[in-house]
Amino acid sequence: MGKALIAGNWKMNGLAAQAEALALAVREGAAEVRDRAEILICPPATVLAMVARAMRGGPVMVGGQDCHMKGEGAHTGDISAEMLKDAGASHVIVGHSERRTDHGETNAMVMGKARMAMNFELRPILCIGETLAEREQGRAREVVQDQMSNSIPDGFEEAGGIVAYEPVWAIGTGRTASEDEIAEMHSFIRSLLGSRRMASVPILYGGSVKPANARAILALPEVGGALVGGASLVAADFLAIAAAAP
Ligand code: 13P
């Protein structure tokens, strides 16, 4: 496995001044963790171009949080993959559970978004994960398998695609999945990727990753990095997570 990817999903947080200060603080500390982790920040679209300009020439990469499945046209309020590329993004998160829930995104839509990202040479970070009810019903694997087969497009590996396993019940709840739960699901995801000849696709874990649990999580087999929400809004915490990469 290569270096860990530590990705910060800022979600709907960050006015211009605050976003710039946070990005600059991440850039400042990124040099120190460079040999163990690649660092990506995904700010809101309104500040993405500004943040990307501020990160230019440094080790911190910038990504979008979503893109549309169509290339352009009459889609008020939406953002295309090409726009993100144009604004300086290298990656884009697609299929985050908050998008699936808040915007009714289906696996088919998520696949369309990933395809569009790939068309514009953005690396998709495709999120999958079961809800608490699904886990309690013993359906976690079934749900993950369904999301994987129906949202990951062919050519994903060649395009630098990344999978993020984010159990919905661990997002923003402070309740991290146990090491056994993470290891078990990552190994299952690895086997599913293998059966599609996508064995080298990195698998990130997301859901209440913090400095206190990062070392143990990042050391698990088949965990190629972390997708961090809340803790990515505090530069010191985000950098401490990166520094915990093996
Ligand atoms: P938290 O780290 O706040 O739980 O969020 C995880 C997440 O959804 C990242 O995409």
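In this text, all values refer to a predicted model and were calculated from it rather than measured experimentally. These values consider heavy atoms only, across backbone and side chains, with no hydrogens, waters or symmetry-generated copies. Whatever order the structure lists them in is the order used to number ligands and atoms, beginning at 1.
- Listed by atom number, the atoms of ligand 1 under 4.0 Å from Gly230 heavy atoms are 1 (P), 2 (O), 3 (O).
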May I have the list of side-chain donor-acceptor pairs in residues 21-30 shorter than 3.5 Å, sequence neighbours left out?
residue: Arg27; atom: NH1; partner: Ala54; partner atom: O; Å: 2.9
residue: Arg27; atom: NH1; partner: Met55; partner atom: O; Å: 3.4
residue: Arg27; atom: NH1; partner: Arg56; partner atom: O; Å: 3.1

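- Among all non-hydrogen protein atoms, the one lying nearest atom 4 (O) of ligand 1 is Gly172 N, 2.6 Å.
- With Glu157 contributing its side chain and Ser200 its backbone, the two residues share a donor-acceptor pair below 3.5 Å.
- Remark: ligand 1 atoms within the under-4.0 Å shell around heavy atoms of Gly207 are 4 (O), 6 (C).
- Residue Leu227 has at least one heavy-atom neighbour below 4.0 Å for each of these atoms of ligand 1: 9 (C), 10 (O).
- For ligand 1, the atoms sitting less than 4.0 Å from at least one non-hydrogen atom of Glu166 are 6 (C), 7 (C), 8 (O), 9 (C), 10 (O), numbered in the order shown with element in parentheses.
- With a 4.0 Å heavy-atom cut-off, ligand 1 is reached by the backbone of Ala170 but not by any atom from C-beta on.
- When heavy-atom distances to ligand 1 are checked against a 4.0 Å cut-off, Asn9 comes that close only through its side chain, counted from C-beta outward.
- A salt bridge between Lys210 and Asp237 is absent, with no side-chain N of the basic residue lying under 4.0 Å from a carboxylate O of the acidic one.
- Just one of Val62, Leu122, Leu40 meets the side chain to side chain contact (heavy atoms under 4.5 Å, CB included) condition when paired with Ser90; it is Leu40.
- Interatomic distance, Glu142 CD to Gln137 CD, rounded to the nearest 0.5 Å: 9.0 Å.
- Here is the list of ligand 1 atoms found below 4.0 Å of a heavy atom in Ser208: 1 (P), 2 (O), 4 (O).
- Residue-to-ligand polar distances keep Thr173 apart from ligand 1: every N/O pair is separated by 3.5 Å or more.
- Under 4.0 Å is where a charged nitrogen must lie from a carboxylate oxygen, and between Arg135 and Glu130 at least one such pair does.
- The contact set between ligand 1 and Lys11, taken as ligand atoms under 4.0 Å from a residue heavy atom, comprises 5 (O), 6 (C), 7 (C), 8 (O).
- Counting protein heavy atoms only, atom 2 (O) of ligand 1 is closest to Gly229 N, 2.9 Å.
- Judged as a ring pair (Phe, Tyr, Trp, His ring centres under 6.0 Å), and not counting sequence neighbours, the contacts of Tyr165 are His186.
- Listed for the Arg141 side chain is no donor-acceptor partner under 3.5 Å among the backbone atoms of Phe188.
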